[in-house]
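Everything quoted here is computed from the prediction, not taken from an experiment. In what follows, chains are A, B, ... by sequence order, proteins preceding strands, each numbered from 1.
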Protein chains: 2
Amino acid sequence: MDINLLKTFLAVAGTGSFSAAAQEIHCVQSNVTARIRRLEQHLGKAVFERGRGGARLTDFGSRLHAHAEDLVARFEAAERDLLDAAGTSAPLKLGAMETTAAVRLPALLKSLKRKHPGAPLSLRTGPTAELLSLIWERKLDTAFVAAPVDEDRFRHKLAFHEDLMVVRSSESQSDQSLLAFRSGCSYRARGENWLASEGHSDTEIVEMGTLEGILGCVEAGMGFAVAPESAARKFHGISGLTLTPLPAPYGDVEVHLVWRIDHKPAQVHVTLCELLQTR
Amino acid sequence: MDINLLKTFLAVAGTGSFSAAAQEIHCVQSNVTARIRRLEQHLGKAVFERGRGGARLTDFGSRLHAHAEDLVARFEAAERDLLDAAGTSAPLKLGAMETTAAVRLPALLKSLKRKHPGAPLSLRTGPTAELLSLIWERKLDTAFVAAPVDEDRFRHKLAFHEDLMVVRSSESQSDQSLLAFRSGCSYRARGENWLASEGHSDTEIVEMGTLEGILGCVEAGMGFAVAPESAARKFHGISGLTLTPLPAPYGDVEVHLVWRIDHKPAQVHVTLCELLQTR
DNA sequence: GTTTATTATCACTATTAGTGATATATGGAT
DNA sequence: ATCCATATATCACTAATAGTGATAATAAAC
C-alpha cells in the first residue's frame, strides 16, 4: 500500500471535502475519490460519510485517522533524515518559461522545499530557446520548456499540458498587433504560425518582457496575445479579457522538464521529477 | 512511496541476497532488483553493496534499515488493528483444483493468515466444473479454477499461469493409458482434446483421485498423465519422470479466482485478491 | 580459464493510476 | 416544486508503472 493513500486521506479529513483535498494536494477530484475508494476497499469499511457539505469521518475513519497521522509523520521524518544523510550537495540551477514560473512553480517549489528544506535553489526565467542554450552551456541544471526537445542532446520528463489561448480585450476589434515575449518564446512561435496559416502574415509584433505587461496592454486595447489558459486565468480577475482557444494544432503545448543528456541529476532534481508525476 | 519497497528492502537485508529475498517474498529476482533500485533512486544513494556473496548494507543502508523496521512494524500493526476493527465476519469457504491446492496455496494462505490471523477458512478441492457448480449453489464463496469462466455468471481475477506437461515414466513406451482426475477436471479435458487432435481417440483413461496417486502410477509405468509443470516438479524429486510440454494451444492454462457475480466478497476475500497481484 | 553463484538488463505484457468530461445527488433559495 | 450551487461518483481514455522470464554481465573460487 502506498502512503500517498494515507496522505490523501489526511487531506480529505483535514479539509472536510474531497474537492478541497484535491486542490490541496494538486490533483483532480476524481483522483481523490479513487484513492479513498482504494483505501476503503483495502480496509473493507467506509472511512468517510459523504454528503452535501463534503465528507465526515466515520467512527472507523477516526480510528484510521489516528494511525495515519502517526504513520505519515514518522514516514516523513524518516524520509527527511535519509534525504539529509544522503547529502543535498550543490544548489539546483533551475530555469522556467515566464508563464510556467508564474503559474505552475509556486506549488511545486513549495512541495520541493518540504522534502529538501535545506536545498539551495536558483530560478531563472526566459523563453524556451534561451533556456535550452543555457542548459547546453551548463549554466542551468534543468528547465521547464515547451516540447519538442532534441532527444539526442537532452533528457526530459513531461511536466504539464497547457492550452494556449488567444487573449483579447473584450471590446477590441480584430487585426491588431500581437503582443508577445521576445523571440525564442515558443508560445510566440505558435501564435505566429497560426497567424501565418490564417494568411495574416503582416501582423505587427510588439515585444514585451513580462506577462503582466502583455496582459495589461491587451486590456488597454493595444492588441492581442497568446498565453496558456492557466496563466491567463491567473490574471483574468475583473479585467475585460476574452479568451478563445488557439485552434489545433497550435493550441496544445506540452511543458517538459529538460536537462542535458550527460548531466547527472542531483537528488533535489530527482525529487523534483518525482513530484511531477501527479499533477 | 509504497511500503512494499521497504518490505522488499528488509527481506534483502535479512537474507543478505536479492535472489533469496525474491523467494521469500514470492516474486522474481529481477523484481527485487527493480524495487531496490527504485528505493535507491528515491533516496539518492545506494543502500546495498552488491557482490559475489550477495548484498551487504552500506552505512546509508543501515540507517534506512533502522527506520524501515520501525515503519513496517508500525504499519502492519495499524493494518491489523484496522482490519480487526472492520470485522472479520464469516468464514471464507474456499475451493481449489487439486494441483493448485498442492502447489500454489500454501504460500498464499500463509500470507493471508498473516493479515487476518483470526479469520476462519475452509478449503475444498475438486475439478473445475464441480467447483463452479458449488459456487453457483453458494456452497463455496470462491475457488481457484481453470479459465475460461462464464462472465455473465461469475466474476474472476487472474491468479496463476500454468504450463501443462505430459508426464511419462522415463523408460515408458508410448500409447498407454491416460491417468487423470475424474471427469470435470479441465486439465484432463485438455489432455483428451490433445489426444483427439493427434488421432489417438482410443486411448484408455484411468481415473484417480489424487495427484500423488497419478504420478506414482506413471512412475510405475502404468501410463502417462497431464499436469501443470509446477505440480509435476514438486513431486519430481528422485523419481524417473520425464516432462514434455503439452503443445499449444493445449498447454497454457490460466487459473483464476472465481466467485458468483452477485456475491459480495468478504474482507478476507478482498485481501486474498490483493495478494494475487504479485506472484 | 572454467564453473558457479549472483545481480543487471531487456523486451514484452498486464495492471494500475491519472485525466477531464459528465452524471448524479443533496440541501437551500425563490 | 424547481432551479441553483456545491458535492461526489462514474466513465472512457491514456499514460505510467510494475511484473515476467530470458539472457547478459560480473566476479570469486576452484
| query | Within the pair A:R37 and D:dT10, is there a side-chain N or O less than 4.0 Å away from OP1 or OP2? | reply | yes
| message | Any non-hydrogen side-chain atom of A:V145 less than 4.5 Å from a side-chain atom of A:V255? | response | no
| message | List the residues meeting salt bridge (charged side-chain N to carboxylate O under 4.0 Å, His left out) with A:E24, not counting sequence neighbours, and say none if there are none. | response | none
| request: List for me each residue that meets salt bridge (charged side-chain N to carboxylate O under 4.0 Å, His left out) alongside B:R260, sequence neighbours excluded, and say none if there are none. | output: B:D262
| request: Examine the base of D:dG19 for any acceptor or donor lying under 3.5 Å from a partner atom in the side chain of B:S30, and report the outcome as yes or no. | output: no
| Which whole-number value in Å describes the distance from B:L276 CG to C:dT15 C1'? | 13 Å
| request: Round to the nearest Å and state the distance from A:Q23 atom CD to D:dT8 atom C1'. | output: 15 Å
| said: Between P on D:dG19 and NE2 on B:H26, what's the gap in Å once rounded to a whole number? | reply: 15 Å
| task | Could you check which of C:dA8, C:dT19, D:dA7 has an atom nearest any side-chain atom of A:S19? | result | D:dA7
| message | Counting only side-chain nitrogens and oxygens, does B:T33 get under 4.0 Å of the OP1 or OP2 atom of C:dA8? | response | yes
| said: Please compare A:H161 and B:A20 by the position of their nearest nucleotide in DNA chain C and report the one closer to 5'. | reply: B:A20
| Taking CG from B:D2 and C1' from D:dG19, how many angstroms apart are they, rounded to a whole number? | 14 Å
| request: Determine whether any donor atom in the side chain of B:Q29 lies under 3.5 Å from an acceptor atom in the base of C:dA8, or the reverse, and answer yes or no. | output: yes
| query | Nearest-Å distance, CD (A:E254) to C1' (D:dT14)? | reply | 12 Å
| query | Between A:N4 (CG) and C:dA17 (C1'), how many Å, whole number? | reply | 11 Å
| task | Quick one: list whatever passes ring pair (Phe, Tyr, Trp, His ring centres under 6.0 Å) with A:H42, sequence neighbours left out. | result | none
| field | Among D:dA9, C:dT16, C:dT7, the nucleotide that comes nearest once only the side chain of B:S17 is considered | value | C:dT7
| query | Side chains of A:T33 and A:Q29: is there a donor and an acceptor less than 3.5 Å apart? | reply | yes
| task | For each nucleotide in nucleotides 25-30 of chain D, reading 5' to 3', give B when a protein heavy atom comes within less than 4.0 Å of its base, S when such contact involves only the sugar-phosphate, and - otherwise. | result | ---S--
| said: Counting only side-chain nitrogens and oxygens, does B:N31 get under 4.0 Å of the OP1 or OP2 atom of D:dA18? | reply: no
| query | C:dT15 P sits how many Å from B:H156 NE2, rounded? | reply | 11 Å
| Which nucleotide in the list C:dT19, D:dG19, D:dA16 gets nearest to the side chain of A:V28? | C:dT19
| Quick one: ring pair (Phe, Tyr, Trp, His ring centres under 6.0 Å) partners of B:H256, sequence neighbours excluded? | B:H156
| said: Taking only side-chain N and O atoms of A:R50, does any of them lie within less than 4.0 angstrom of OP1 or OP2 on C:dT26? | reply: no
| said: Rounding to an integer number of Å, can you tell me how far A:R35 CZ sits from D:dT8 P? | reply: 15 Å
| task | Just jot down the side-chain contact (heavy atoms from CB on, under 4.5 Å) partners of A:R153, sequence neighbours excluded, or say none. | result | A:W136, A:D150
| query | Hey, are A:R104 and A:E162 close enough for a salt bridge, meaning a charged N less than 4.0 Å from a carboxylate O? | reply | yes
| task | Using only side-chain N and O atoms of B:R38, determine if any of them is under 4.0 Å from OP1 or OP2 of D:dG19. | result | yes
